[in-house]
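Report on the structure given below.
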There are 2 protein chains.
Amino acid sequence: MSEQDTSDRDYESVLRDAGMRITKPRKTILEILAEGEDHPDALEIFRRANARDASVSLSTVYRTMKALHDCGAIHRHAFEGGPARFEQADAPHHDHMIDVDTGEIVEFRSEKIERLQEEIARELGYHIVYHRLELYGRKRKTR
Amino acid sequence: MSEQDTSDRDYESVLRDAGMRITKPRKTILEILAEGEDHPDALEIFRRANARDASVSLSTVYRTMKALHDCGAIHRHAFEGGPARFEQADAPHHDHMIDVDTGEIVEFRSEKIERLQEEIARELGYHIVYHRLELYGRKRKTR
DNA sequence: AATGCAATTGCAAATCGTTTGCAATAACTG
DNA sequence: CAGTTATTGCAAACGATTTGCAATTGCATT
């Protein structure tokens with residue numbers, strides 16, 4: 001059997017633990033997710049999944065994403081304008097820089113910013129449940 | 001005449017400078033915006049405007065918001081889930097903390113974070129066009 | 001103040017991304 | 001292998017926003 005040992009087995013257990021069935025469409029979608037290094041939107045996931053199993057529908061993609069999100073297995077990002085994009089939740093936390101010209105997404109992480117956010121929230125009398133930090137920028141020509 | 005000297009006159013000049021006509025519906029909408037201390041969405045602006053001039057339509061609210069946004073006179077924020085919310089652009093830059101329970105919005109500003117963002121963008125080879133920093137939190141009970 | 005014309009309007013219909021009702025189908029249980 | 005129950009695809013519904021269009025209005029000109 002040519003099974004890759006990516007984390008799609010993990011996804012299956014996540015779903016199973018949540019009392020959900022491992023169906024053929026779900027298997028396909030989970031495969032795609034486990035492989036994906038990028039931030040595909042629902043339609044893109046649908047296209048990729050559909051290429052392997054023509055019976056997968058867009059609704060099922062949405063439903064599966066919702067299930068995985070509820071389980072905390074994936075993150076959903078709604079960047080400016082476009083549709084929601086997804087990524088695996090197992091990677092360490094990071095924020096995003098979006099190229100306004102190309103739509104390209106670069107991940108980054110700043111301990112300092114994380115700490116400052118906590119600090120600000122505390123001063124305002126809140127504790128952070130989650131946050132959203134997106135830098136929309138343009139590649140600098142100027143050296 | 002009981003005219004308040006808020007910034008709705010400014011809005012009018014902004015539009016006029018952009019070569020747009022000052023119509024009755026626009027006047028009403030601008031009034032609302034100039035008064036508003038909060039972050040109303042299009043529907044809310046429509047409701048308030050409609051209360052003063054029953055002929056104002058939702059489409060016109062959207063169109064006017066778009067015009068003002070294009071002129072840079074207002075900011076448009078699409079917070080998690082809900083519809084876009086607007087606020088005057090004349091206030092100094094700030095970010096938002098959203099109460100996940102009440103939807104309440106608190107503004108804050110951190111020079112440090114602003115600087116760090118610039119720094120990060122530079123390291124990634126970008127310059128920031130704009131950013132989005134939203135903290136979603138809950139009021140802390142624990143003293 | 002009356003005229004003309006382009007900008008603006010309200011309305012309804014269209015759009016986009018996403019969700020949902022439903023009857024048919026497929027997973028897991030025993 | 002059968003029975004229950006979750007899951008499916010489809011199409012229709014959804015909420016926020018945009019748009020085409022014919023009627024109206026602002027405003028520069030007379």
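Numbered from 1 within each chain, the chains take letters A, B, ... in sequence-line order.
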Measure the shortest side-chain to side-chain distance between A/Glu134 and B/Leu133 over non-hydrogen atoms and say whether it is less than 4.5 angstrom. no
Do A/His39 and A/Glu44 have a side chain donor and acceptor closer than 3.5 Å? no
At 4.0 Å (heavy atoms only), tell me whether B/Arg26 reaches a base, stays on the sugar-phosphate, or touches nothing. sugar-phosphate
Out of D/dT8, C/dC28, D/dT17, which nucleotide sits closest to the side chain of B/Ala42? D/dT17
Candidate nucleotides D/dT8, D/dG20, D/dA16, ranked by approach to the side chain of B/Arg63 - the nearest: D/dG20
So, for B/His75 and B/His69, is the gap between ring centers shorter than 6.0 Å? no
Just checking, is any N or O donor in the side chain of B/Glu87 or B/His94 under 3.5 Å from an acceptor N or O on the other one? yes
Atom CG of A/Leu68 and atom P of D/dT7 are separated, to the nearest Å, by 12 Å
Whole-Å distance, B/Asp41 CG to D/dG15 P, equals 14 Å
Among D/dT7, D/dT17, C/dG10, the one nearest B/Val56 by side-chain distance: C/dG10
Is B/Arg21 near enough to C/dA6 that one of its side-chain N or O atoms lies under 4.0 angstrom from OP1 or OP2? no
Think B/Tyr62 has a side-chain N or O under 4.0 angstrom from the OP1 or OP2 of D/dT17? yes
With respect to the side chain of B/Leu58, which nucleotide from D/dT8, D/dT17, C/dC28 is positioned closest? D/dT17
Is A/Ser59 touching bases, backbone alone, or none of the nucleic acid, heavy atoms closer than 4.0 Å? base
Nearest-nucleotide check on DNA chain D, B/Pro25 vs B/Lys66; residue mapping nearer the 5' end is B/Lys66
note: B/Lys24, atom NZ; C/dT9, atom C1'; distance rounded to Å ~ 12 Å
Regarding B/Leu43, tell me which of base, sugar-phosphate or nothing describes its non-hydrogen contacts under 4.0 Å with the strands shown. nothing
In whole angstrom, what separates A/His69's NE2 from C/dG17's C1'? 16 Å
